[in-house]
Amino acid sequence: NPQDPCPPLPIPLDKEAIKIFEANEIKVHLSAKAIFEQRAGDALFLLEDPRLRSTGVAPRTLSESVEKRPWSFGKSIFKDYARDAKIIISECFYKDYALTRLDRLWKKLQKDRRCDVASVLTLLESQYEAFLAAYGFESMMDCSGKSCGLSLATFSRLLMGSDGERYLQGSSPMFTSRSMRANVTSVPSRRSKRATELSEGNPRIPRSAQAADILKARSVMVSQLDETHPLNEGFNFGKADAIYTAVLVDLDHLDSKAWKGLPADGLARFQFLEVIVNCAMSSETFSPVGTLRHWIKCLGLGQQVMKHRRMLHAAIFTEDFCHCMRRNQKMLQDVYNTYQKRFRLPTEPSLMSYSAFVQFLEDCKVPTLEWPDFRMAFALGKELCVEQHRSLRHMVLSWSEFLVCTAAAVYLSGDFPIDQLADRLLDFLLDSLPEALRAGRAAEMEEAGYLVAGGDPQTVKLVALLTRIFTDADEDGSGWLTVHEFVEAVQQPRVMASLEELGVVVGDVKLLFVRMDVDDSGEISLREFIEGLLKLRQEMIVLDKGIRAMRKAFFKLETKYGTGQVTKEHFMDYVRNPRNADELKKKGISESDISDLWAAAQQAKKENSTITAEALVAGYMDLHLEKGRIIRAMNFLNSIFKVADVDGSGALSKEEVGKYLCRQEVTDKLASLKLFVPDWLEMFDAMDVDGDGDLTWAELSTAMQRFWAQVSHGDGTESVEASTLLERATS
């Protein structure tokens, strides 16, 4: 109709009208197109017939939008994330440097030759981003507890630089056992090239297994390196071992209570700096500055990590990526809040722990992401911590860090072009995030999947009981039990009776707490509580006969002497009795075990004069577990030390160490215990912490226990061969 350009009025259906409360809310002076461009909402265009209105509606004409405000990081969803700024890197360097003992090195160098310390520090500060990248990534890949450190095996690999890394990634069979090679070849990996490039070795080989392999063959790998590499210019792995051990055990200048984030094993970040500098200075072929520059260039510290970290940050700190995150912020926040409650760290209860983040990625079930990639994502997204080990802040994620680490996981999940990262993130958020959220909420009801359907009924009952005990004892609701809360809860008669019905005999409650508190934090989580008592029950089943023999022996001694404590003299008198020795032998306790047993009991109780029945039982169990090898070795070394200390001074000279510890019987004993045999003379200066030229038992025992804790993987053959190769490298 020319007079009425509008179409005929639609005929309303005889149905209830649909009420729309919000549709295309248009702000004044902004068109729908402009709103869509500014990410203020999704544009929804509606065709409206004004004749359907009861009042007249004037046609709406909107002017073009005002100038679009540029996107800024400061107002984005990432605004609280501390990016890698030069000022932060400098702060990290000076804080770490202040904790080292490098001042002693400069004084020593200045006695021998001129050393421009200021120039050395300037160089180190300018290159410290590489140190931070290398340590942050490699220590996270080594992480096995609440804090992370750099193991000797990983440090050895870092010394070989990028050339050694390529050699490790080759097909040489010397690094893997037959079974490992079978596993590697039979399971094709779907990991991305990015993840593989960042990985230091074949992802199917456990790092714990690699440790012995690397130590076994590292001297052979020197021939594969460039001739200008420091390891081909007079430096060797024997010196590296000595420097590593010396720095590792030299913590007397630090207050352990103030530095709660120090790793239980492996190098802290400031120690890594100290070890690298000491290694470089011990192989000085140029000036101190020239030598350090040469080392940094040859090792290529952190180059791959820095490259990928910069690419990731450049891709995600953008308008499109921020908009994608904001669109899904509620679900992301729900995920963060859910997993933040799991595996909490006592010093950082309001933040998501490393373990919780790894569990989150595992629950996402992304087929192209594997276990090593979870750790890589954490390392790539974690902020730089200025005071790395004063607390456990480097092991937890804030809300903004969680977003960046999640983006890092998506980045590692495929080989797509980097400009498609936002699209891949959206797919991840829509497909994988709901799955993880469901799994996380289900786990809130069943801690870490202990109560699985079809499990052992007695174990299910025990876990339910332990969960109830823990919840009742956790008075402050922190998710952690102090030793006081633990003792108050477990020593109740009805609780102990209920545990005994399910196969757990608690005994000394405080000693049990010490055994479960593996990181010496003074608190235990629900996971530690459950795992500790399940492990105790399993150990008691396996070693039941020996445990009963220990309790029986202690009962007889207590009846005879009536003290409640047993001295070593009383214990040895008991086992010298042929009848008692024969009875112990029938229970699997040989004559050669007796001396080791006493040492293990002392270590469990952490006392030297007397022990309780529970300490005797704990020592017996420890002796037959993994740590038993080190306990036996230390007891054997103690007997050699006493023989070698002919003048009764309580210390050994370097000559005495060479005469007694370098004997074949020592090598054979350590090899039989499947422990790595060190070069004692090369290690002497490293173990001599006070530098007086003599080695006390405290210095020797502390150094070797920490050293063996690092390299106790593999079998006896590997240890002997590794020793031979190490001696060849140091000769």
Side-chain angles (χ1 to χ4, degrees), residues 89-139 149-152 154-161 228-231 233-254 262-263 266-303 384 386 388-389 682-683 685-686 688-689 691:
I89 295 170
S90 295
E91 287 180 17
C92 289
F93 169 70
Y94 285 107
K95 288 288 186 181
D96 288 350
Y97 178 79
L99 296 174
T100 68
R101 298 290 190 97
L102 288 175
D103 286 342
R104 298 187 303 186
L105 176 64
W106 308 140
K107 291 178 182 178
K108 181 180 178 181
L109 291 178
Q110 286 173 338
K111 288 181 181 179
D112 302 333
R113 55 192 178 278
R114 186 176 180 182
C115 178
D116 187 355
V117 178
S119 298
V120 172
L121 296 184
T122 300
L123 173 64
L124 287 173
E125 182 183 1
S126 67
Q127 298 294 321
Y128 207 57
E129 183 180 6
F131 281 77
L132 295 174
Y135 180 85
F137 185 82
E138 298 294 350
S139 63
L150 200 68
S151 70
L152 180 60
T154 300
F155 176 68
S156 298
R157 191 188 58 75
L158 283 175
L159 282 183
M160 292 181 290
T228 61
H229 193 282
L231 289 171
E233 293 183 334
F235 190 73
N236 56 58
F237 282 117
K239 291 181 181 179
D241 288 346
I243 293 171
Y244 179 97
T245 305
V247 174
L248 181 70
V249 301
D250 187 14
L251 294 173
D252 294 340
H253 62 296
L254 293 182
L262 287 173
L267 296 176
R269 194 174 72 190
F270 67 90
Q271 291 176 311
F272 174 62
L273 167 64
E274 186 173 354
V275 168
I276 290 291
V277 174
N278 270 284
C279 286
M281 293 300 100
S282 68
S283 66
E284 185 176 349
T285 53
F286 312 103
S287 66
V289 173
T291 300
L292 270 175
R293 186 177 285 112
H294 176 61
W295 266 68
I296 293 171
K297 179 182 178 181
C298 289
L299 300 188
L301 290 176
Q303 295 304 309
L384 298 178
V386 175
Q388 173 90 348
H389 301 290
E682 188 69 54
M683 295 277 285
D685 292 336
D688 182 18
V689 178

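- Gly136 approaches Ser139 most closely through the heavy-atom pair O-OG, 3.5 Å.
- Between the side chain of Thr154 and the backbone N or O of Leu150 there is no donor-acceptor pair closer than 3.5 Å.
- Formation of a donor-acceptor pair under 3.5 Å by the Glu91 side chain with backbone atoms of Ile89 is not found in this model.
- Rounded to the nearest 0.5 Å, atoms OH (Tyr244) and CZ (Phe237) are 13.5 Å apart.
- Smallest separation of non-hydrogen atoms from Cys279 and Ala240: SG-CA, 4.4 Å.
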* To do: Using the side-chain hydrogen bond (donor to acceptor under 3.5 Å, both in side chains) rule, take Tyr97 and Asp103 through it: C-alpha gap first, then chi angles, then the decisive distance, then the call.
  => CA-CA 9 Å; Tyr97 178 79; Asp103 286 342; 3.1 Å; yes

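- Within the 4.5 Å cutoff, side-chain heavy atoms of Ile243 are placed close to those of Ser282.
- Shown here are the side-chain hydrogen bond (donor to acceptor under 3.5 Å, both in side chains) partners of Ser126, two or more places apart in sequence or in another chain: there are none.
- Qualifying side-chain hydrogen bond (donor to acceptor under 3.5 Å, both in side chains) partners for Gln388, counting only residues two or more places apart in sequence or in other chains: Arg269.
- Atoms CG and CG, from Leu251 and Leu99 in turn, are 10.0 Å apart once rounded to the nearest 0.5 Å.
- Between the side chain of Gln271 and the backbone N or O of Val247, at least one donor-acceptor pair lies under 3.5 Å.
- Residues Gly302 and Ala134 approach most closely at N-CB, 3.7 Å, considering heavy atoms.
- With sequence neighbours excluded, the residues satisfying side-chain hydrogen bond (donor to acceptor under 3.5 Å, both in side chains) with Arg101 are His253.
- For Trp295, the ring-ring contact (aromatic ring centres under 6.0 Å, His included) criterion is met by Phe235, not counting sequence neighbours.
- No hydrogens or angles considered: nothing links the side chains of Ser119 and Thr122 as a donor-acceptor pair under 3.5 Å.
- Using a 3.5 Å distance cut-off with no hydrogens or angles, the side chains of Glu125 and Ser90 do pair a donor with an acceptor.
- Between His389 and Tyr135, the two ring planes are perpendicular [angle over 60°; tilted spans 30° to 60°].
- Using a 4.5 Å cut-off on side-chain heavy atoms (C-beta onward), Val277 and Phe272 make no contact.
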* To do: With side-chain contact (heavy atoms from CB on, under 4.5 Å) as the test, would you mind laying out the steps for Leu248 and Leu152 before giving the verdict?
  => CA-CA 10 Å; Leu248 181 70; Leu152 180 60; over 6 Å; no

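- Atom CD1 of Ile276 and atom CG of Leu158 lie 7.0 Å apart (nearest 0.5 Å).
- The structure places NZ of Lys239 at 12.5 Å from CG of Asn278, a figure rounded to the nearest 0.5 Å.
- Residues meeting the ring-ring contact (aromatic ring centres under 6.0 Å, His included) test with Phe131, sequence neighbours left out: Tyr128.
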* To do: List the steps, then state whether side-chain contact (heavy atoms from CB on, under 4.5 Å) holds for Glu682 with Asp241.
  => CA-CA 9 Å; Glu682 188 69 54; Asp241 288 346; over 6 Å; no

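- Every residue two or more places apart in sequence or in another chain was checked for a ring-ring contact (aromatic ring centres under 6.0 Å, His included) with Phe270, and none qualifies.
- Atom CG of Asp96 and atom CG of Leu132 lie 7.0 Å apart (nearest 0.5 Å).
- Heavy atoms only, all atoms of each residue included: Gln303 and Ala130 are closest at NE2-CB, 4.1 Å.
- Ala242 and Ala686 make their closest contact through O-CB, 2.7 Å (heavy atoms, listed as atom of the first residue, atom of the second, distance).
- With salt bridges taken as basic N to acidic carboxylate O contacts below 4.0 Å, one links Asp250 and Arg104.
- A distance of 5.0 Å separates CD in Gln127 from CD1 in Ile296, rounded to the nearest 0.5 Å.
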